[in-house]
Peer 1: 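Starting off with a structure, shown below.
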There are 2 protein chains.
Amino acid sequence: MPDHSERQLLLLGLLRHQEMHGYQINEFIDEQMAFCVDLKRSTAYYLLERLRHEGYVTEETERTGNRPERRVYRITPAGETHFQALLRANLATYTPPTYANDIGLIFHQHLPPAEVRTLLETRRQNILAHQQKLKSLATVLPTDHLAIIRHHLIHVTAELDWIEEQLA
Amino acid sequence: MPDHSERQLLLLGLLRHQEMHGYQINEFIDEQMAFCVDLKRSTAYYLLERLRHEGYVTEETERTGNRPERRVYRITPAGETHFQALLRANLATYTPPTYANDIGLIFHQHLPPAEVRTLLETRRQNILAHQQKLKSLATVLPTDHLAIIRHHLIHVTAELDWIEEQLA
DNA sequence: ACAGAAATAGTCAGACTTGAGTATAGCGAA
DNA sequence: TTCGCTATACTCAAGTCTGACTATTTCTGT
């Protein structure tokens with residue numbers, strides 16, 4: 001059983017604020033949260049179905065005008081409780097991320113040092129580009145997200161420090 | 001088609017060094033790489049089968065004594081080429097990780113500030129524990145891994161900085 | 001000498017994930 | 001008015017991942 005908890009937390013947190021239909025949830029995630037969670041649209045539908053199955057949300061079909069039916073999700077009292085538990089667990093826990101780019105470094109001796117340097121130089125440019133994107137997000141997204149953007153920026157800086165150390 | 005590339009890179013890199021059977025590969029990963037890659041044993045078998053299907057490794061069954069048969073994997077010339085390509089791509093790329101614990105922060109206002117503080121204090125202890133574990137790894141693992149351990153330590157430090165900023 | 005633990009070597013059902021596809025509605029331009 | 005493009009709302013087949021399990025061999029303590 002993999003650990004959906006943070007995505008469940010996200011979905012329940014959104015529904016806690018207000019009832020929403022699937023498309024709306026996905027739109028919100030894509031526009032405001034994509035930079036810090038990885039959750040595709042089809043996966044969100046799947047998870048919502050699971051939350052319903054577990055009694056944490058209810059599903060109600062409605063239609064507006066002649067548009068196709070939509071399923072409106074609403075959090076249940078059990079869902080509220082679950083949300084609180086997930087939130088407490090999430091805040092108290094530290095889950096170290098995995099850095100996909102570590103693997104390359106392990107095998108760097110299989111390439112000529114000069115080429116490794118060039119490749120890492122390119123990586124450095126990509127990191128700088130990502131840093132810029134984060135900075136511009138800060139001006140676009142609501143202020144609730146500032147702490148998280150700052151979190152990402154701190155790590156990007158750490159990444160730049162490390163790669164410069166490797167280049168030296 | 002998800003992006004196995006870093007795990008393929010890992011498997012090919014190990015086989016490039018010497019032929020190995022599945023169990024041996026898994027043992028090595030569990031003992032030396034678990035701290036920087038997330039790859040379960042059954043997944044490794046699955047990926048090896050895929051690499052074979054794609055012609056990057058060959059599989060040969062052998063038996064030693066009365067033990068059950070084992071499948072020995074050996075990298076092919078095509079696998080060598082693929083390895084080089086994956087390695088170059090990996091070194092030149094930056095793949096920002098996702099931080100599972102960000103989600104909690106988004107919803108922190110749903111709990112009393114004092115409790116949030118206590119929970120984050122606990123998280124901080126967990127980060128410190130993780131930092132210690134990394135430091136002790138540095139004394140146990142071969143020196144090739146030092147750069148990567150350093151990489152993780154830099155990020156753990158960044159994480160501690162950030163959380164202390166939040167607590168203040 | 002022999003029972004129980006640990007190591008060896010995988011297999012597989014079932015859960016998770018997602019790109020590609022389906023189907024209808026509104027809207028702007030020619 | 002009608003052709004095509006975008007927005008709305010999902011669905012699903014196919015691919016991926018892993019916890020739990022099987023089965024045999026070798027050690028270890030008594």
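Note that the coordinates shown come from a computational prediction; the quantities given were computed from them, not determined experimentally. The chains referred to below are lettered A, B, ... by the order of the sequence lines, with proteins before strands, and numbering in each begins at 1.
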Peer 1: Of the nucleotides D:dA9, C:dC16, C:dG10, which one has an atom closest to the side chain of B:His21?
Peer 2: C:dG10
Peer 1: Using a cut-off of less than 4.0 Å, is there contact between a side-chain N or O of B:Tyr23 and OP1 or OP2 of C:dG10?
Peer 2: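 For C:dG10, neither OP1 nor OP2 has a side-chain N or O of B:Tyr23 closer than 4.0 Å.
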Peer 1: How about B:His82 and B:Gln8: does a side-chain donor come under 3.5 Å of a side-chain acceptor?
Peer 2: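 The answer is yes; a qualifying pair exists.
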Peer 1: B:Glu27 has a side chain; which of C:dA9, C:dT8, D:dC17 sits nearest to it?
Peer 2: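 Looking only at heavy atoms from C-beta outward on B:Glu27, the closest nucleotide is C:dT8.
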Peer 1: Looking only at atom types and distance, does a side-chain atom of B:Trp162 sit under 3.5 Å from a main-chain N or O of A:His152, one as donor and one as acceptor?
Peer 2: no
Peer 1: What is the distance, rounded to the nearest whole Å, between atom CG of B:Asn26 and atom P of D:dT18?
Peer 2: 12 Å
Peer 1: Output all residues satisfying salt bridge (Lys or Arg N to Asp or Glu O under 4.0 Å) with B:Arg74, sequence neighbours left out; order by chain, then residue number.
Peer 2: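 Residues passing salt bridge (Lys or Arg N to Asp or Glu O under 4.0 Å) with B:Arg74: B:Glu19, B:Glu60.
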Peer 1: Between D:dC10, C:dT17, C:dT8, which one does the side chain of B:Arg70 approach most closely?
Peer 2: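 Ranking D:dC10, C:dT17, C:dT8 by closest atom to the B:Arg70 side chain puts C:dT8 first.
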Peer 1: Kindly point out which of D:dT16, C:dT8, D:dA9 is positioned nearest to the side chain of A:Tyr45?
Peer 2: D:dA9
Peer 1: Going by modelled atom types, is there a donor-acceptor pair between the base of C:dG10 and the side chain of B:Ser42 at under 3.5 Å?
Peer 2: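 Such a pair does not exist between side chain and base.
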Peer 1: From D:dT16, C:dC16, D:dT8, pick the nucleotide closest to the side chain of B:His4?
Peer 2: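 Among the listed nucleotides, the one closest to the side chain of B:His4 is D:dT16.
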Peer 1: Have a look at B:Arg71 and say if it touches a base, only the backbone sugar-phosphate, or nothing, with a 4.0 Å heavy-atom cut-off.
Peer 2: sugar-phosphate
